[in-house]
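It should be emphasised that the depicted structure is a prediction, and the values quoted were computed from it without experimental measurement. Per chain, numbering begins at 1; letters A, B, ... match sequence-line order.
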There are 2 protein chains.
Amino acid sequence: MASITEENYLKALFNLSNNQGEASISDLANQLGVSMPTANSMVKTLQKQGLCRYEKYKPVVLTEQGKKAAALIIRKHRLTEMFLVNKMDFGWEEVHEIAEQVEHIHAPKFFERMDEMMGFPTVDPHGSPIPDKQGRIQELHLKSLSEAAPGQEAVIAALSDSSAEFLAYLNSRQLSLGTELKILSKESFDQSMTVAYGEKERESLSQKVCEKLLIRIFD
Amino acid sequence: MASITEENYLKALFNLSNNQGEASISDLANQLGVSMPTANSMVKTLQKQGLCRYEKYKPVVLTEQGKKAAALIIRKHRLTEMFLVNKMDFGWEEVHEIAEQVEHIHAPKFFERMDEMMGFPTVDPHGSPIPDKQGRIQELHLKSLSEAAPGQEAVIAALSDSSAEFLAYLNSRQLSLGTELKILSKESFDQSMTVAYGEKERESLSQKVCEKLLIRIFD
DNA sequence: CAAATTTGTTAGAATAGTCTAACAAAATAT
DNA sequence: ATATTTTGTTAGACTATTCTAACAAATTTG
């Protein structure tokens with residue numbers, strides 16, 4: 001069984017390799033707040049266990065086994081976040097830190113019970129998909145708000161950044177998952193967008209924000 | 001902040017010193033499944049942090065600070081057990097292992113929310129008192145069933161053994177907290193007792209079992 | 001392309017928590 | 001009160017995870 005430390009490396013590798021399917025040692029070290037030699041030696045350890053593939057001076061690639069292990073940890077993380085929000089009345093900005101600890105608990109029944117109690121949710125409070133028990137992840141292929149055009153209507157389906165700061169910003173603007181937006185205009189100058197939603201007739205969202213809001217466009 | 005290992009030593013010391021207020025190195029080592037040298041060196045570490053007092057060849061005594069720290073971990077353990085039983089529909093025999101892990105989570109709000117959701121319970125699913133937020137424990141001073149006399153009526157209020165095996169035994173006999181017992185007779189031969197409860201007209205309980213059932217006698 | 005920068009590696013050391021072997025003190029039992 | 005047993009201690013070693021310093025490879029830049 002992987003240690004908590006190893007689990008954290010797997011999770012970091014998984015998250016970093018979303019795009020290329022591989023991650024550099026320096027990104028890994030950065031993500032985990034450890035030195036490069038530390039990341040380097042842990043990668044060797046993971047490789048010995050068949051969890052990743054690695055050659056000197058090459059990026060690290062998770063094996064199928066490693067991907068599955070990582071996905072199952074992420075499953076526990078996201079189920080926990082959802083449970084905290086749905087069943088324990090936490091705000092979506094409060095749950096990451098707690099889930100970061102709970103995800104390392106070894107108690108299959110505990111997480112299955114959460115899952116049942118919530119009616120088997122497919123996404124977490126930030127719209128990220130919850131991997132299934134086999135570690136498979138349903139891809140959502142959402143667009144970011146930046147890609148939408150004036151005149152379109154869309155609903156916020158997920159976030160590409162779930163930091164407490166960004167969530168606090170969204171809270172302050174009454175933006176949440178499910179919020180329906182009408183895109184009024186887009187500044188070609190700074191890529192900021194003016195939108196309407198709920199009670200708000202005209203709100204301006206910076207490019208930074210638009211990029212982080214993942215939407216489903218109404219047909 | 002104490003490591004998980006240190007927390008486990010504190011908890012073990014707390015449980016072992018219930019009677020004398022002190023614990024031997026060998027009992028501590030035994031309780032934790034480590035060697036005596038290991039327990040010995042950890043005791044020195046805890047002492048340096050002001051969590052216990054210790055002199056060579058003498059038993060270990062928790063300081064007030066150490067007692068409080070231990071009680072707060074036990075609080076998290078027992079709140080978790082109660083939450084699992086009351087809110088997540090686990091059996092009382094399933095919760096110890098999970099609580100053993102959850103008790104190390106650092107998230108005050110998580111445990112406070114559990115506490116609130118349950119209406120601030122004072123005992124865990126096995127009848128053991130839940131320490132308050134200051135680490136104070138309300139003593140229940142219960143008698144064991146062995147101390148009761150034929151003719152008396154009593155209610156099971158707690159257990160002095162919460163092992164899965166004992167709990168399975170109690171489940172198989174439909175005995176639980178709150179079960180009201182009429183004591184019919186006691187064998188002076190083997191100290192076993194014959195009792196009536198629920199649908200059962202006559203059930204025989206061995207001395208071992210009677211000692212582990214903590215009761216409140218009806219006036 | 002050569003120089004500079006970034007990235008990655010090796011070597012060596014530190015800390016936490018654990019062990020076994022050997023010995024010493026305390027407690028128990030003749 | 002001595003011998004035996006139990007309990008406790010010290011010394012030394014091992015693994016996991018981390019670090020810094022020094023160097024090497026790869027990449028980027030002028």
OP1 or OP2 of D/dA16 under 4.0 Å from side-chain N/O of A/Thr45:
no

Whether A/Thr38 contacts D/dT17 is assessed here as follows: a side-chain N or O lying under 4.0 Å from the phosphate OP1 or OP2. Is that the case?
no

Contact list please: residues 11-18 of chain B against DNA chain C, heavy atoms, distance less than 4.0 Å, in numerical order.
none

Starting at CD of A/Glu6 and ending at C1' of D/dT18, how long is that distance when rounded to a whole Å?
14 Å

Integer-rounded Å distance: D/dG8 C1' and B/Asn30 CG:
14 Å

So, taking the atom named CD in A/Gln31 and the one named CG in A/Leu16, what distance separates them when rounded to the nearest 0.5 Å?
4.5 Å

Separation of A/Ile25 atom CD1 from D/dA26 atom P, in whole Å?
14 Å

Please report the distance, rounded to the nearest Å, between OH in A/Tyr9 and P in D/dA16.
14 Å

For A/Asp124 and A/His77, does a side-chain donor sit closer than 3.5 Å to a side-chain acceptor?
no

With distance as the sole test, does B/Thr63 use its side chain to make a donor-acceptor pair with the main-chain N or O of B/Leu51 at under 3.5 Å?
yes

When you measure from the side-chain N and O atoms of A/Ser24 to the phosphate of C/dT7, is any distance below 4.0 Å, counting only OP1 and OP2?
no

Please state whether the phosphate of C/dA16, meaning OP1 or OP2, lies under 4.0 angstrom from any side-chain nitrogen or oxygen of B/Ser3.
no

Salt-bridge present (A/Arg113, A/Glu116; N to O < 4.0 Å):
yes

Minimum-distance nucleotide to B/Pro37 side chain [options: C/dG8, D/dT7, C/dC19]
C/dC19

With DNA chain D as reference, determine whether A/Met42 or B/Met36 sits nearer its 5' end, using the nearest nucleotide of each.
B/Met36

A/Arg78/A/Glu81 ion pair, N-O < 4.0 Å:
no

Taking only side-chain nitrogens and oxygens of B/Ser35, does any of them come within less than 4.0 Å of OP1 or OP2 of C/dT20?
no

Would you find a donor on one side and an acceptor on the other, under 3.5 Å apart, between the side chain of B/Lys76 and the backbone of B/Ala107?
no

Closest listed nucleotide, where the reference is the side chain of B/Ser26 and the choices are D/dA25, D/dT7, D/dT18
D/dT7

Does B/Arg53 reach the main-chain N or O of B/Val61 with its side chain, forming a donor-acceptor pair under 3.5 Å?
no

Round to the nearest Å and state the distance from B/Lys44 atom NZ to D/dG8 atom P.
13 Å

Tell me whether the side-chain N/O atoms of A/Ser41 come closer than 4.0 Å to OP1 or OP2 in D/dT17.
no

When the distance from CG of A/Leu46 to C1' of D/dT17 is rounded to whole Å, what number comes out?
12 Å

Measure from CG on A/Asp27 to P on C/dT6 and round the result to the nearest Å.
14 Å

Taking NZ from B/Lys58 and P from D/dG8, how many angstroms apart are they, rounded to a whole number?
13 Å

Would you indicate, yes or no, if D/dT9 has its OP1 or OP2 atom less than 4.0 angstrom from a side-chain nitrogen or oxygen of B/Tyr54?
yes

Parallel, tilted or perpendicular: which one describes the rings of B/Phe83 and A/Phe83, with boundaries at 30° and 60°?
perpendicular

